[in-house]
Amino acid sequence: MLYEENEGFVDMCEHPGKKIEQMLQKTGMTRKELATRTGVTEKHINTLISKERNITTSFAKKLGYVFHVDEINSDEPKDKARYWQDLQNKYDIFILEEQEKNNITTEEVRVLDYLEDIIN
């Protein structure tokens, strides 16, 4: 999990795979069931959760239909894919800024995420 500073506050910046994992736990859905509902393989779901793969726009739409996150987290109706796209975009921008600022590689970011998951 990475962090970003926003007006003096530190906000978590998580890969969307972490939110998928949280939603699976919250709903009691298995990875296999999510794979079936979204029309992908269980391996695809595993690579998202392990942060080896990013969420595409088409998959964001599928996640929106399965989890209905926008209905839970917002008072205004919006595109079901928007929540998942926003998570991915925020993560991508944060990673890019960190790489530019610290001259680190994508692989180093993945290792950091992995180590933080082990520690926590």
Side-chain angles (χ1 to χ4, degrees):
M1 179 183 325
L2 299 171
Y3 301 90
E4 71 179 29
E5 192 164 335
N6 183 7
E7 297 179 13
F9 296 98
V10 176
D11 296 324
M12 290 187 295
C13 184
E14 297 179 330
H15 187 277
K18 182 72 172 175
K19 184 63 176 180
I20 292 172
E21 187 174 40
Q22 291 169 350
M23 293 300 292
L24 289 174
Q25 291 172 353
K26 183 178 180 179
T27 62
M29 188 183 306
T30 65
R31 292 178 182 196
K32 184 175 185 174
E33 184 179 352
L34 178 60
T36 301
R37 288 181 178 207
T38 56
V40 300
T41 64
E42 190 173 354
K43 181 178 179 181
H44 183 93
I45 301 300
N46 291 336
T47 59
L48 287 167
I49 291 173
S50 65
K51 305 169 195 153
E52 296 171 45
R53 180 184 300 243
N54 291 330
I55 293 177
T56 63
T57 303
S58 63
F59 194 72
K61 190 167 189 168
K62 292 174 184 181
L63 287 171
Y65 286 125
V66 172
F67 290 128
H68 306 289
V69 176
D70 60 308
E71 295 171 12
I72 296 168
N73 294 321
S74 177
D75 293 331
E76 58 188 64
K78 58 182 178 179
D79 179 7
K80 292 182 182 301
R82 178 78 52 200
Y83 174 81
W84 297 99
Q85 288 174 311
D86 288 348
L87 280 179
Q88 186 65 59
N89 290 337
K90 182 177 178 182
Y91 182 80
D92 290 345
I93 290 168
F94 179 77
I95 294 300
L96 181 62
E97 289 172 350
E98 287 299 301
Q99 288 173 329
E100 290 172 352
K101 181 170 69 176
N102 298 311
N103 197 25
I104 59 176
T105 66
T106 302
E107 184 58 29
E108 289 171 322
V109 171
R110 285 187 179 152
V111 169
L112 176 62
D113 278 342
Y114 175 74
L115 291 173
E116 287 178 342
D117 285 345
I118 290 173
I119 292 169
N120 296 326

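Every heavy atom of this structure was used, including side-chain atoms; hydrogens, water molecules and symmetry mates were not. Since we're looking at a predicted model, the values are computed, not measured. Quick note: residue numbers are just sequence positions, from 1.
Atom OG1 of residue Thr27 and atom CG of residue Leu34 lie 8.0 Å apart, to the nearest 0.5 angstrom. Between the OG1 atom in Thr56 and the CH2 atom in Trp84 there is a gap of 12.5 Å [rounded to 0.5 Å]. Atom CZ of residue Arg53 and atom NE2 of residue His44 lie 5.0 Å apart, to the nearest 0.5 angstrom. The CD atom of Gln22 sits 10.5 Å away from atom CD1 of Ile49, with the distance rounded to the nearest 0.5 Å. Here CD of Glu52 is found 10.5 Å from OH of Tyr114. Values are rounded to the nearest 0.5 Å. Atom OG1 of Thr57 is separated from atom CZ of Arg82 by 9.5 Å, given to the nearest 0.5 angstrom.
Judged as a salt bridge (charged side-chain N to carboxylate O under 4.0 Å, His left out), and not counting sequence neighbours, the contacts of Arg31 are Glu21.
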* **Worked check of side-chain contact (heavy atoms from CB on, under 4.5 Å) between Phe59 and Ile45** => CA-CA 10 Å; Phe59 194 72; Ile45 301 300; 3.6 Å; yes
* Trace of the side-chain contact (heavy atoms from CB on, under 4.5 Å) decision for Met29 with Val66 -> CA-CA 10 Å; Met29 188 183 306; Val66 172; 3.7 Å; yes
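Shown here for Pro16 and Gln88, the closest heavy-atom pair between the two residues is CG-OE1, 3.3 Å.
No hydrogens or angles considered: nothing links the side chains of Gln85 and Asn89 as a donor-acceptor pair under 3.5 Å.
For residues 14-37, every residue pair satisfying the ring pair (Phe, Tyr, Trp, His ring centres under 6.0 Å) rule, not counting sequence neighbours, is listed here: His15-Tyr91.
Only one option out of Leu48, Leu87, Asp92 pairs with Ile55 in a side chain to side chain contact (heavy atoms under 4.5 Å, CB included); it is Leu48.
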